[in-house]
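Computed from a predicted model, the values in this text were never measured in an experiment. Protein chains get the first letters and strands the later ones, always in sequence-line order, with residue 1 at the start of each.
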Protein chains: 2
Amino acid sequence: MTTKTATAGSRARDGRTTREAILAAATRLIHVHGYNQTALDDVLRESGVGKGNFYYHFKSKEDLGYAILDQVVASFLERTLAPCFSDPAGRPLAQIRCFLDRVLETQRERNCVGGCPLGNLAAELSDVHEGFRTRLAQVFAAWRERLTEALREARRRGEVGDDCRPEAVADFLVASLEGAILLTKVTKDIAVMEQCVGEIKRYLSLYEPRT
Amino acid sequence: MTTKTATAGSRARDGRTTREAILAAATRLIHVHGYNQTALDDVLRESGVGKGNFYYHFKSKEDLGYAILDQVVASFLERTLAPCFSDPAGRPLAQIRCFLDRVLETQRERNCVGGCPLGNLAAELSDVHEGFRTRLAQVFAAWRERLTEALREARRRGEVGDDCRPEAVADFLVASLEGAILLTKVTKDIAVMEQCVGEIKRYLSLYEPRT
DNA sequence: GGTTATGTACCGACTGGTTGGTACACATGA
DNA sequence: TCATGTGTACCAACCAGTCGGTACATAACC
């Protein structure tokens, strides 16, 4: 109903559809100000879209929130998670380490500002908006699942011992990364992130068979 | 300026001062709804205090925020952190493990609702309110310092090896705990917290000399 | 081909409700 | 009577969402 064939649909706006322009602005704003603290008017001003137009493309602010979540997730999967696990022949543990470095690099690039978009939304909305909570829980589950899969493969290959419980380790990896990002965001000190990633790597080595 | 001598000052309200009543209600509300999303009127209704009275005791909502932060910190230090490290003769690693269990227990009691008050505020305000950010950073530093101290003592006693860098390990402990609490809050599954605490303990054992 | 009709995309003023904060009257006790 | 508390009415700013209306393309009908 809303999607059109490329050029058609909404009028061009820097080559993007109106919907895309709104999404881009809102994603940026919500990343730093949070969902509730981002006023619709701010999004409108930033994207140059009128109010009526906004409500033509989105049912409500909540609707926009869900769309943003989808976009953040897609971008995370494509740009951060997937690239590290793309090679099916690659060694799982190395892939996980690659992923850790990539997350660290993201925080460095962003100058410790913004934290994790998913983590932020989780902290802000989990206890207050069941719909968002459920959606966020699914996202984290998918993320954890990707890591669990890698760890299972690592076990199959003997890269880690049988004492490694993939689900538990994956949960912990996600948790400690989220925590590290949060702590980095408060302290505004990238060294915190570096140290944490370093310790996560040491933790992972725990499961490698003794050489 | 604000503190009074026990019974004196404001009139009694269930044996508490007005200030205490406001603080208690606000702390509860902010814990689940966040700082910005907690309306002053909600705090007023919940505490049964009038608006004029509120502004007699607090300069602004921001002022209340700082007071709450102080209270949350005090309660955390006294009720969760300090008890585990009270015995100067106790073994540091055991004290840290005791603390981990205590945090887990707190989440269980709260039914995975609310998350960590400090973590929530950190996520919500770090990038948006420099004053709160600085204050929160100090709090986390103090928390980390307490753990660093225990780890240094552990090293002195030979409970952990020289490869254990107390500051880095303390940072990581705080981060992974915060992350675990957050993930538990999204999933509403205490098993996540249990698994994470379990993995943190395994991680700690990494530094114990081989038996 | 020209007129009428329809659906898509868009605009900005407005509304009803909420929010942090103020003004001020009143009470109480030393 | 004067400082300390407390309640109530009120305000300006803000915010999500609505509404009436415009612009324009394509389609339908004669």
Side-chain angles (χ1 to χ4, degrees), chain A residues 1-26 29-30 33-68 124-125 128-129 131-132, chain B residues 1-26 29-30 33-68 124-125 128-129 131-132:
Chain A
M1 189 232 241
T2 46
T3 48
K4 299 279 152 178
T5 50
T7 49
S10 59
R11 293 165 201 173
R13 201 177 287 273
D14 302 342
R16 299 181 301 188
T17 63
T18 302
R19 199 185 157 86
E20 285 166 350
I22 294 172
L23 242 33
L29 288 170
I30 289 183
H33 295 104
Y35 174 76
N36 280 310
Q37 228 33 40
T38 299
L40 223 41
D41 286 342
D42 296 340
V43 176
L44 267 22
R45 201 179 315 114
E46 192 105 344
S47 60
V49 173
K51 205 152 223 192
N53 197 8
F54 172 86
Y55 278 98
Y56 176 76
H57 290 281
F58 295 92
K59 224 177 86 248
S60 60
K61 188 188 178 187
E62 197 184 37
D63 187 27
L64 170 66
Y66 281 112
I68 298 239
E124 183 183 355
L125 302 169
V128 124
H129 192 300
F132 279 129
Chain B
M1 188 236 224
T2 46
T3 48
K4 303 274 156 183
T5 49
T7 50
S10 59
R11 295 165 196 171
R13 198 178 287 273
D14 302 342
R16 298 181 300 188
T17 63
T18 301
R19 197 184 158 88
E20 284 166 351
I22 294 173
L23 241 33
L29 287 169
I30 289 183
H33 294 105
Y35 173 76
N36 279 309
Q37 228 34 38
T38 299
L40 223 42
D41 285 345
D42 296 340
V43 177
L44 267 23
R45 199 178 316 116
E46 192 105 342
S47 60
V49 172
K51 206 153 217 195
N53 198 5
F54 172 86
Y55 278 97
Y56 176 76
H57 289 281
F58 295 93
K59 222 178 86 249
S60 61
K61 190 189 177 187
E62 194 184 39
D63 186 28
L64 170 66
Y66 281 111
I68 297 237
E124 183 183 354
L125 302 169
V128 126
H129 192 302
F132 279 129

(request) Supply the atom-to-atom distance Ile30(A) CD1 to Asn36(A) CG, rounded to the nearest 0.5 angstrom. (result) 9.0 Å
(request) For Leu44(A), check side chain to side chain contact (heavy atoms under 4.5 Å, CB included) against everything at least two apart and list the hits. (result) Asp41(A), Lys51(A), Phe54(A)
Within the sub-3.5 Å range, which N or O atoms of nucleotides 19-23 of chain C have a protein N or O partner, and how far apart are they?
{"unit_1": "dG20(C)", "atom_1": "OP1", "unit_2": "Lys61(B)", "atom_2": "NZ", "d": "2.9"}
{"unit_1": "dG20(C)", "atom_1": "OP2", "unit_2": "Leu40(B)", "atom_2": "N", "d": "2.7"}
{"unit_1": "dG20(C)", "atom_1": "N7", "unit_2": "Lys51(B)", "atom_2": "NZ", "d": "3.1"}
{"unit_1": "dG21(C)", "atom_1": "OP2", "unit_2": "Tyr55(B)", "atom_2": "OH", "d": "3.0"}
{"unit_1": "dG21(C)", "atom_1": "OP2", "unit_2": "Lys61(B)", "atom_2": "N", "d": "2.9"}
{"unit_1": "dG21(C)", "atom_1": "O5'", "unit_2": "Tyr55(B)", "atom_2": "OH", "d": "3.4"}
{"unit_1": "dG21(C)", "atom_1": "N7", "unit_2": "Lys51(B)", "atom_2": "NZ", "d": "3.0"}
{"unit_1": "dG21(C)", "atom_1": "O6", "unit_2": "Lys51(B)", "atom_2": "NZ", "d": "2.8"}

(request) Only counting residues at least two apart or in another chain, list the ones meeting salt bridge (Lys or Arg N to Asp or Glu O under 4.0 Å) with Lys61(A). (result) none
(message) Quick check on dC11(C): is either OP1 or OP2 less than 4.0 Å from any side-chain nitrogen or oxygen of Asn53(A)?
(response) yes
(message) On the nucleotide dT4(D), are OP1 or OP2 found under 4.0 Å from the side-chain N or O atoms that His57(B) carries?
(response) no
(request) Report yes if a side-chain nitrogen or oxygen of Tyr56(A) is closer than 4.0 Å to either non-bridging phosphate oxygen (OP1 or OP2) of dC10(C); otherwise report no. (result) no
(request) Would you please name every residue forming a side chain to side chain contact (heavy atoms under 4.5 Å, CB included) with Ala24(B), sequence neighbours left out? (result) Arg16(B)
(message) Suppose we screen for ring pair (Phe, Tyr, Trp, His ring centres under 6.0 Å). Which residues come up paired with Tyr66(B), at least two apart in sequence or across chains?
(response) Phe132(B)
(message) Is the phosphate of dC10(C) approached by Thr18(A) (side-chain N or O, under 4.0 Å from OP1 or OP2)?
(response) yes
(request) Please name all residues satisfying salt bridge (Lys or Arg N to Asp or Glu O under 4.0 Å) with Glu62(B), sequence neighbours left out, ordered by chain then number. (result) none
